[in-house]
Amino acid sequence: MIWQLKKAYYRTYQCGLGLGMKVSPWLEPEIIDGPDSVKKLPAVIKEKGFERVLVVTDAVLMGLNLLDTLFEALKAVGVKYYVYDQVQPNPTIANIEGALDVYNANNCQAIIAFGGGSPMDCAKVTGARVARPGRSVVKMKGLFKVILPALRMGSLLPPMLFAVPTTAGTGSETTIAAVVSNPETHEKFPVGDFVLRPRYAVLDPMLTLDLPPHITSTTGMDAMTHAVESYIGKFYNNESTRLKAIKAVQLIFENIEKAYNNGQDVEARGQMLRAAYEAGVAFTRGGVGNVHTIGHNLGGMYGIPHGLAMSVILPYVLEWYGKIIHKQLAELADMTGISAAGMDKAQKAEAFIQALRDLNKRIGIPEKFEQIKDEDIPLIAERALSECNPNYPVPKIMKLEDCMAVIKSLQA
């Protein structure tokens, strides 16, 4: 009886949130795209009246001199920039506070997020801290913990955010979400709010040409996960997000191996950036699910990179959902040419899941994790379900023992 009441509450909450989304401010970022499009960004920043900006990135990208073109273009238009480059692969609360210190010390007016999902997540929550200096990052955990208190208290909204992705996967350049790690508790948690969404997204394939193959593969499959989880979700989707999810899945199947095998393929790199963006738009409204909640908490517990976690976990969770998502997976199989004549829905769904496994194998992604310890599984599962419920519109709600079984199946 208690479990039935819980499920009823979760579904009622999701249904209500889905209705609210129909009148919510879904303003997509303006896109600046094409080869060398990063050079166009400083002029836009200048036109907006900003003279001092914070650039949030990581030490690896700085060491590769990947930001030099941006820095030169900023200088050329007279915009001063101040850099925080200590973002870790799973950005921490300390990273956010460090970036906030740089922003405040230099009286910055806007933020540029340059890199993969980690610098973007750090930049988003840094902006939230600028707007809400009296509210800790932990208190922003969950949905709408930035804008609603701000409206009540008359606080400022976060500074304008310009996003420059250097990987094709997270879709963070268009999402309202960020993920933060707390090293003290080994927990990863989401912060989601409309005011975190970047105002501009720069999709420049030249910035992704030197990505190592394993980063290309895992970030690309991260985008695949966004698209698939969004497509199979309940309540939140609309026709536009479903079409964007389909487009993203098609683009990834068509281009990820090209980009993996030839990192200098500008066309494939550009198509993967577009796929990541489309998937980002899709899941920003359509939501994610148990792949993400389990992956976030494996990342928090063991430091497993987000894209790798998504890549490995996706087929296992889709299998667990079973027949309840056969219709949606069959549709994706049809749209991507995976299905064959004479297949029924179940066979098409199975073919789609197998295609994901086969693709993972071809692009060097393992089938399981060696890090998972039996004694950690209950806590990982508990945290995953705590993140998932009631917010995420999953096709089927997991019990604790279900989640533990899926995590157990991921052990090498």
Side-chain angles (χ1 to χ4, degrees), residues 10-29 117 124 142-144 168-179 190-194 196-198 201 220-253 274-296 306-307 310 313-314 317-318 321 324-336 349 352 356 384 387-398:
Y10 297 158
R11 291 311 195 195
T12 301
Y13 179 96
Q14 292 159 13
C15 183
L17 189 57
L19 291 173
M21 287 183 178
K22 293 183 179 180
V23 294
S24 298
W26 296 106
L27 182 64
E28 292 183 25
K124 287 177 178 179
L143 288 176
F144 313 127
T170 68
S172 192
E173 66 274 7
T174 184
T175 70
I176 65 170
V179 179
V191 177
D193 205 301
F194 293 117
L196 301 185
R197 199 170 200 178
M221 293 306 290
D222 184 18
M224 177 74 83
T225 304
H226 293 152
V228 173
E229 284 209 289
S230 169
Y231 193 74
I232 65 177
K234 300 170 71 71
F235 302 117
Y236 300 170
N237 268 317
N238 62 14
E239 187 63 24
S240 175
T241 57
R242 283 189 286 268
L243 290 174
K244 287 181 180 297
I246 291 170
K247 184 63 175 178
V249 172
Q250 291 171 329
L251 287 173
I252 294 166
F253 270 115
R274 173 60 66 169
Y277 180 86
E278 300 286 359
V281 174
F283 92 85
T284 292
R285 174 162 179 161
V288 289
N290 289 307
V291 180
H292 271 75
T293 62
I294 294 171
H296 287 163
H306 177 77
M310 298 300 100
I313 298 168
L314 179 59
V317 171
L318 295 182
Y321 285 140
I324 201 166
I325 60 168
H326 281 176
K327 177 179 181 293
Q328 294 96 321
L329 295 191
E331 290 167 350
L332 291 177
D334 287 340
M335 294 292 184
T336 51
F352 185 82
L356 292 174
E387 175 188 337
C388 185
N389 300 315
N391 293 324
Y392 293 171
V394 293
K396 187 166 94 174
I397 298 171
M398 283 185 172

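In what follows, residues are counted from 1 in the order of the sequence shown. Side chains are part of it too, since the values below use all heavy atoms of this structure and drop only hydrogens, waters and symmetry mates.
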* Asked: Does atom CE of Met21 have more than 12 heavy-atom neighbours, drawn from other residues, nucleotides or ligands, at distances under 6.0 Å?
  -> yes

* Sequence neighbours excluded, which residues qualify as salt bridge (charged side-chain N to carboxylate O under 4.0 Å, His left out) partners of Arg242? -> Glu239

* Asked: With Tyr392, which of Glu387, His292, Lys234 fulfils side chain to side chain donor-acceptor pair (under 3.5 Å)?
  -> Glu387

* Measure the shortest side-chain to side-chain distance between Ile232 and Leu318 over non-hydrogen atoms and say whether it is less than 4.5 angstrom. => yes

* **Distance, nearest 0.5 Å, that separates CG of Leu19 from CD of Gln14** => 12.0 Å

* So, do Asn237 and Arg285 sit near enough that their side-chain heavy atoms are less than 4.5 Å apart? -> no

* Asked: If we ignore angles and hydrogens, is there a donor and acceptor under 3.5 Å between the side chains of Lys124 and Thr175?
  -> yes

* Does any non-hydrogen side-chain atom of Tyr321 lie less than 4.5 Å from one of Val394? -> yes

* Is it true that the side chains of Thr241 and Asn238 contain a donor and an acceptor less than 3.5 Å apart? -> yes

* Compare all side-chain heavy atoms of His306 with those of Val179 and state whether any distance is below 4.5 angstrom. => no

* Asked: Who are the ring pair (Phe, Tyr, Trp, His ring centres under 6.0 Å) partners of Phe194, not counting sequence neighbours?
  -> Trp26, Phe144

* Asked: Would Asn389 and Tyr13 count as having a side-chain donor-acceptor pair, cut-off 3.5 Å?
  -> no

* **Modelled atom types, side-chain donor and acceptor of Tyr10 and Asn391, under 3.5 Å** => no

* Given Val228 and Thr225, is the side-chain contact (heavy atoms from CB on, under 4.5 Å) satisfied, shown in steps? -> CA-CA 5 Å; Val228 173; Thr225 304; 6.0 Å; no

* With no hydrogens and no angle check, is any side-chain donor or acceptor of Glu229 less than 3.5 Å from a backbone partner on Phe283? -> no

* Asked: Which residues pass the side-chain contact (heavy atoms from CB on, under 4.5 Å) test with Glu173, sequence neighbours left out?
  -> Met120, Ala163, Pro165, Thr170, Ala201, Leu203, Ala276, Tyr277

* Asked: Any donor-acceptor pair under 3.5 Å linking the side chain of Arg197 with the backbone of Thr174?
  -> yes

